[in-house]
Structure formats: structure tokens, C-alpha cells
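So you know, we letter chains A, B, ... as the sequences are listed, proteins then strands, and number each from 1.
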There are 2 protein chains.
Amino acid sequence: MPTAKPATGALPVMADVARLAGVSHQTVSRVLNDRPNVRRETREKVLAAIRELDYRPNTAARSLVTRRSQTLGVISFDSTLYGPSQMLYSIEQAARSAGYFISIASLRYQDVRSVREAVDRLRDQAVEGIAVIASKASTVAALAQHVGTVPMVAVGPTDPGALSGAGVDNQAGAEAAVRYLLDLGHRTVHHVSGPADWLDANAREAGWRGVLTDQGREVVPSLRGDWSARSGYEAGQRLARDESVTAVFCANDHMALGVLRALHEAGRRVPEEVSVVGFDDIPEAAYLTPPLTTVRQDFAQLGRRGLELLLQRVEAPAAPGGREASGAGHRAAIVAPELVLRASSGRPRS
Amino acid sequence: MPTAKPATGALPVMADVARLAGVSHQTVSRVLNDRPNVRRETREKVLAAIRELDYRPNTAARSLVTRRSQTLGVISFDSTLYGPSQMLYSIEQAARSAGYFISIASLRYQDVRSVREAVDRLRDQAVEGIAVIASKASTVAALAQHVGTVPMVAVGPTDPGALSGAGVDNQAGAEAAVRYLLDLGHRTVHHVSGPADWLDANAREAGWRGVLTDQGREVVPSLRGDWSARSGYEAGQRLARDESVTAVFCANDHMALGVLRALHEAGRRVPEEVSVVGFDDIPEAAYLTPPLTTVRQDFAQLGRRGLELLLQRVEAPAAPGGREASGAGHRAAIVAPELVLRASSGRPRS
DNA sequence: CACCTGATTGTTTGCGCTCACAACACAGGT
DNA sequence: ACCTGTGTTGTGAGCGCAAACAATCAGGTG
């Protein structure tokens, strides 16, 4: 088991393997790259030599000559939130099984300058494509300016503007949640939204508003949150003071959690007096007090689909006519969300 | 603002810059690498040419000759959990500001084979060092076998066995929590632990057990969880049935959340009848019902300190005597946790 | 038997860069 | 006039690999 090796300072190179196997370095290269036209016997000799020396090809040399880095970049802005960290994970898994390395660039701020820096950084590394865990509309717009320089896809929201991508149908999810609440008998539904300019937040709000409008319900002003439990709590305090509130749709689970807390503090019972519905289905949702009705997103699938799209672009036979990616295949993979019913929602009392 | 460039298929190389600036390629290289002994005027001519061509150095060529990849690897096992994703983020930030790229390898399973694959994968990429977001003792042991081949540090638990690293003092945190509960007047404290073999879980359990033993309290058997809210919920159901339980220390916040849920369902009031304390201080902790007393970990600092240690190893003047890293500088940076008091804990009734 | 075909292997070249070394100019001291 | 040192620039080589091309050998074909 212990790798027996002379441990001469220098690492073995292809020529060493070739010498040991009694072939030319080119034959070693052929074996390494699974080229045809190598005799079985020869191939095995080479493989044995590789094992014996614990040889590993030098990626720098390889990519210098092939002009391919086998690396994809991921730009992430809130890799600390539940959704983004899930997506990052599934992207990495998918990339690995496709034979790519993953290099990450996570940004603290979403200003144009940071975006540019991240793209530059990844380009310096010669990534072959970039997956963006997208969030704000303006950020995606900034990113889109670089789309000519390197293949790029967005992972997350359905409509990332200028970028192709894989996304959850936020609007459909929101609609399902709101329709469900109205069907239970609520006269209208309040909304705690995500931060302005966020794609997911906007789509969810649009879905909410759309259903209310379509059904001729009163559209109460939504309360603006920032995804955090704290902001949900603050919104919840305001909602709790309003006796007419019987149903609240929150743009994510963490805010819903804060709303639940605020309602509890104010003595308003959930679901008897107020129904609360979230979005995401974080693993804790089922264990909140009360367990949270929510809209589930399949983040893992999102990551996989997004990466598929990216690889299509990366491996596409380089642009037939001119600059690729311009208008051509502006595709999107849309993943359907699922409403998960739990105890935080029910019929209104009256 | 728009990058005016001829967009001839081929990217500019150093020779192009040299020609445009009227110098030799070597001078361009000197400018790029901030070498001294370049006249100001010359340097500026070169920089202008670089800007004009939007030239960017080819990293593959550079690392072929320098034998440095400027890349660090991160191995993560549960990049989806709160703590690990935080640490990943802070490691990335720190690496960037030190001028390194980050390549990640996140594993689904922690068996020896997966570990070996991850290390191989990163070595294939010629990373200069590896930061491990450590979790299980056996995994760290498996990793430690590779420590001779590439600098490696653990980020997370205090005592990662054979690896150096930066960690939170789990034991001290647990001790503080348990002592606090005992000081409130509880006769003993129950424990919902993390999964067996996990370093953090073991240290926290040891801290809990130590204080009870020291103070001559009854050491009740701990309940084994798996970090998830679900497992906390199941443990909570059992604890709720036991009337003698007045205080519970949970090895993380998500399990504490499950415990809270179970106690609530069973009609046992928190903190009046039972006090609950968690570990981590997730952002939601303050908004649970009731707000959770917990032990805060500074994950950001952990990541930073861990990376510092790694860079020390990476940039150390390559091994004076023989194989480095063996016994030499087995250092660890220990970060102190902090007990955060909230409403889920209080004096027992009697 | 000369000739072509395809499978297998080897030789040469160059990817873009940094390093070691050489070359040159210009200062001051002898 | 010479040498010596210092700052500045250029030249040549080679990092490890894959692509293009060349060479060799076997087995047909007419």
C-alpha cells in the first residue's frame, strides 16, 4: 500500500515513464489520452510504468499545448445562504463527473467592480466557462457584458435576463402558494418579499401579485425583507399588529421563521389565526413551531441542469459564423417547484 | 469603456506586447512580475501596451516554468451545512487576498476511497496546499497519510489529530454552556450529541461530560444525533417523556431546533420547564421560539486563521532537513467560542 | 512482385513563459 | 586612460506536454 518510490526530489515526467516502459514519450501520451492504435500489450506496459513511478501528468504543460484548462469557474455572491451553498455543491459534483475542475470566486458585494474583478480573476485562470449563482438583476446585467469573452450560464432564477441558465420557476411556485391559501378561504394574502432587485424576489412577488389580481383580491402592499430571519421578524411584528392579516406568504423560509417568531410573541396563533407559507424548504422547515408549509426547490437538480447547459456551450464546436453566444442558443432549463403542506397553514377562523 | 480590440482569433502573447512596446519579451516579464531594475519610463510603455492589447499572461505557461500553480485546494464534506459553508467562504476570501486561486473538492461520502480521490484530484491540479474542512476523526486520519505529499491543514475542530489546523475550542464552549446551566440551578444537564466519530461532536460531548463529572453531577447517557433538526426532534421526543429533564445541551443549533419542536409538541414549556442550549449561533437562532441560547463560533476567523497556517507551510523555505511537515511545526490556532444568552434557558422551577 | 492500406510507433516542433547569463551604458575612483 | 560596480536591457534555453509528420511493419491486391 505505501507508495514505494525513490523520492528523488524531482517528480517523474513523461520521459521517465517512456524510458521505463521502453517506448517513446509519445506513446505514453497516447495511452494517457486514450488514443486508439496502441497495442494492448504496449498500453499495459506503459500503465505499469505509470503506476510504478506514481507518475501524474503535468496539467500546466498539458493545458499550455492543448489550450484547455479543464477548469470551470463558479461565481457566487451569497455562498453562505442555504440555496446558493446547495447549488455550489451540486455544480461541483456535476463538474467533477464531467471531468472538470471547479474554481470559485465568491463575492461579498455585488457591485459592478466586484463582478468585473471576479470575471477577470477566473479568466486569468483560463477557465473554460463560468457558472453564476445569480441573484440580483443588476449583477446579471453586469455579468452579461462579459458573455462574449467566455461561456457563461446562470444558475438559480428562471429569467436571468441576458444570460442562459437553469432556474426554478419562482413565479409558478409563488402562484401555487398563494392559490392554495386563497382556496383555503383567506380573503387575501400578505407578502414578505425578498430584497428589491433580486431576481428570485421579484419573480415570487410577481407570482403573488398576479394571482391576487387575477382573482380580484385586494393587493395589500408587500413588506420588504432581506432574506434574513431578522427582517422576517420585523415584518412579522408589523403584520401581527394588523388584525385583518390571516395569511402571509414569505419569499423564503428564513423570513418565514422570523414571521412565526413575531406572531408568536404577539400572541397570534399559527395557523388558527394566521397562516404562514415560506419558500425553499430548508431542512429545518418541518421542525419549526409550527412546521412550515413551504415551496420546495430542487437545488441539486438546478446545479446539474445549469452545468449541463454550460458544458454544451463550452464543448460546442466553436462558433460557426462569428462570435458565439450572442443571440443564438438562449436556452433555459426550468425546474418546477413543489408546494409542501405542513401545519403552519390552514383555514381562516371565520 | 468597451475594450477596443481587433479580435483576431489568437490571444496576444508576451511577444506581442514586447513588440508593441519596443522592448524584449523579458522586459515585459519583468514588469509583470514587479521585478526591480526596470526604468519607470520603460515600465509605463509596457503597461500601456498591455492595456492596449488587453493582454493577460498565460497561467499555464507560467506555472509550467515556475512550478507553482498559485492554487490552493479545499476539501469539504458537508459544504451544505452552516458551519462548513461559512468556512469555505472565509477561506476563499483569505486565499484571494493572498493571491491564490481556490479549487474545491466536496465529497459526498467520507470513506477512505473518496478522500484519496479528492486528494489525487487536487494533486493532479498541482495545488500548492490543501485546506480540509475537517469533520470526522477517521477522515482526518485518512487525510493525514497524504500529508507528506502536499502541505495540508485542517479547519474546524481544535484537535484534528495528525493535522495542524485552526479550530474552535469546542470543549471550552461546551463547558461554558454546561456550567452556565448548572449555575442556574439545574441538577444535571442532558446532552444531544453529534454523530459518533465526529471531532466536534466528541469534543463537545467531552466538555459536557467533564463538567458534570467535575462537579459530581449525575452523568445521564447522551442521545446521539446526526446534526439534523430531524434527529434533534427525535431526541427531543424522548427527553420530553422524562419528567426529570430540566436542561438540555445540544451539540448544534439545528438539533436544538428539533428539540424545541419536540418539547413544544409534548407540552413542555421552554424555558420554564426545560432549558435548551445549542451550539453554532446560526443567524436564525435569535428568532426561534423561544430564541435560542447558544455557543457562538466565529467561522470567518477560523477560515482566515486556517489559511494563514496553510500559507506558512506552503511558503516555507522548502524543508531544511528532510521531508517536511512530519513532526516539525504541528501548530494549531485556537479560536475561543462565546456563550450567547437568550430566552431558551432559565432557572429550573422547583 | 511491386504496390497500396492501415495499424503501430517514433521524431520533431513549439505552446508561452521565466530563468540564467550576457551585453551594454554610465557612474566614480585610480 | 583604465578598471570596477551598478543599473538596465536583451538573448538563449528549456519547463512537460500534444500535434503534426515521418517511419516501420504487417497484410492484402492486382
Side-chain angles (χ1 to χ4, degrees), chain A residues 8-50 53-71 99 101 123-126 128 318, chain B residues 8-47 49-50 53-71 99 101 123-128 318:
Chain A
T8 61
L11 269 60
V13 299
M14 201 177 262
D16 299 322
V17 176
R19 202 173 312 119
L20 182 61
V23 299
S24 75
H25 65 116
Q26 176 62 341
T27 298
V28 176
S29 170
R30 277 191 269 258
V31 170
L32 244 31
N33 293 289
D34 269 320
R35 283 293 197 299
N37 303 341
V38 176
R39 213 160 23 123
R40 257 265 302 270
E41 197 182 314
T42 311
R43 179 185 306 275
E44 272 155 19
K45 254 191 319 191
V46 170
L47 289 175
I50 287 174
L53 296 176
D54 189 26
Y55 165 74
R56 43 192 77 216
N58 180 319
T59 34
R62 171 178 292 175
S63 56
L64 178 58
V65 59
T66 60
R67 296 152 178 292
R68 302 207 47 184
S69 63
Q70 296 290 358
T71 301
F101 301 117
R123 288 225 287 148
D124 284 346
Q125 235 185 126
E128 298 183 32
Chain B
T8 61
L11 269 60
V13 298
M14 200 176 263
D16 299 324
V17 176
R19 201 173 314 119
L20 183 60
V23 299
S24 74
H25 63 116
Q26 176 61 349
T27 298
V28 177
S29 171
R30 278 192 269 258
V31 170
L32 245 30
N33 294 290
D34 270 319
R35 284 294 198 300
N37 303 343
V38 176
R39 217 168 11 134
R40 258 265 303 266
E41 195 182 315
T42 311
R43 180 185 304 275
E44 272 154 19
K45 254 191 318 189
V46 170
L47 288 175
I50 288 175
L53 295 176
D54 189 25
Y55 165 76
R56 43 192 76 215
N58 180 319
T59 34
R62 171 178 293 174
S63 56
L64 178 59
V65 56
T66 59
R67 295 154 179 292
R68 302 208 49 185
S69 62
Q70 295 291 355
T71 302
F101 301 117
R123 288 225 288 147
D124 284 345
Q125 237 185 122
V127 297
E128 297 183 32

Rounded to the Å, how far apart are B:Y55 OH and C:dC17 C1'?
7 Å
Grab the two heavy atoms, one from B:G99 and one from B:Q70, that are nearest each other, plus how far apart they are.
O-OE1, 3.3 Å
Measure from the side-chain heavy atoms of B:S24 and tell me the nearest of D:dT11, D:dA18, C:dT9.
D:dT11
A:N33 has its side chain closest, among D:dA18, D:dC17, C:dC17, to D:dA18
Taking NE2 from A:H25 and C1' from D:dC15, how many angstroms apart are they, rounded to a whole number?
14 Å
Separation of D:dG7 atom P from B:R43 atom CZ, nearest Å, is 14 Å
Distance in angstrom units between B:Q26 CD and D:dT11 P, rounded
11 Å
Taking only N and O in the side chain of B:R35, is any of them less than 4.0 Å away from OP1 or OP2 of C:dC19?
yes
What I want to find out is whether A:K45 reaches A:E41 closely enough, with some N-O distance under 4.0 Å, to be called a salt bridge.
no
Identified salt bridge (Lys or Arg N to Asp or Glu O under 4.0 Å) partner of B:E128 from the options B:R67, B:R68, B:R123:
B:R68
Below the 4.0 Å mark, does D:dT9 have OP1 or OP2 next to a side-chain nitrogen or oxygen of B:R39?
yes
Flag, side chain of B:T59 to backbone of A:D124, donor-acceptor distance under 3.5 Å
yes
The nucleotide from D:dC17, C:dG10, C:dC15 with an atom nearest the side chain of A:L64 is C:dC15
Reckon B:V13 touches a base, only the sugar-phosphate, or nothing at all at heavy-atom distances under 4.0 Å?
sugar-phosphate
Are the side chains of B:R39 and B:T27 in touch, meaning some heavy atoms are under 4.5 Å apart?
no
Is it the case that D:dG16 (base atoms only) and B:R67 (side chain only) share a donor and an acceptor within less than 3.5 Å, ignoring hydrogens and angles?
no
Can you check the A:M14 CE to D:dC15 P distance for me, whole Å?
14 Å
N/O (side chain, B:S29) to phosphate O (OP1/OP2, C:dC19) under 4.0 Å:
no
Would you say D:dT9 has OP1 or OP2 under 4.0 Å from some side-chain N or O of B:T42?
yes
Hey, does the side chain of B:T71 reach the backbone of B:A126 with a donor-acceptor pair shorter than 3.5 angstrom?
no
Among C:dT18, D:dG16, D:dT8, the nucleotide that comes nearest once only the side chain of A:A61 is considered:
D:dG16
Using heavy-atom distances to pick each residue's nearest nucleotide on DNA chain C, tell me which of A:G22 and B:A60 is more 5'.
A:G22
Roughly, in whole Å, what's the span from CG in B:L11 to P in C:dC15?
14 Å
Could you please name the option among D:dC17, D:dT8, C:dG16 that lies closest to any side-chain atom of A:N58?
D:dC17
Mind checking A:P57 for me? I need base, sugar-phosphate or nothing, with any heavy atom below 4.0 Å counting as a touch.
sugar-phosphate
Rounded to whole Å, please give me the gap between CZ in A:R68 and C1' in D:dG16.
19 Å
Closest listed nucleotide, where the reference is the side chain of A:R62 and the choices are C:dT18, D:dG10, D:dA18
D:dA18
d(CZ, B:R30; C1', C:dA22) in whole Å:
12 Å
From the options D:dG10, D:dC17, C:dA7, select the nucleotide whose nearest atom is closest to the side chain of A:N37.
C:dA7
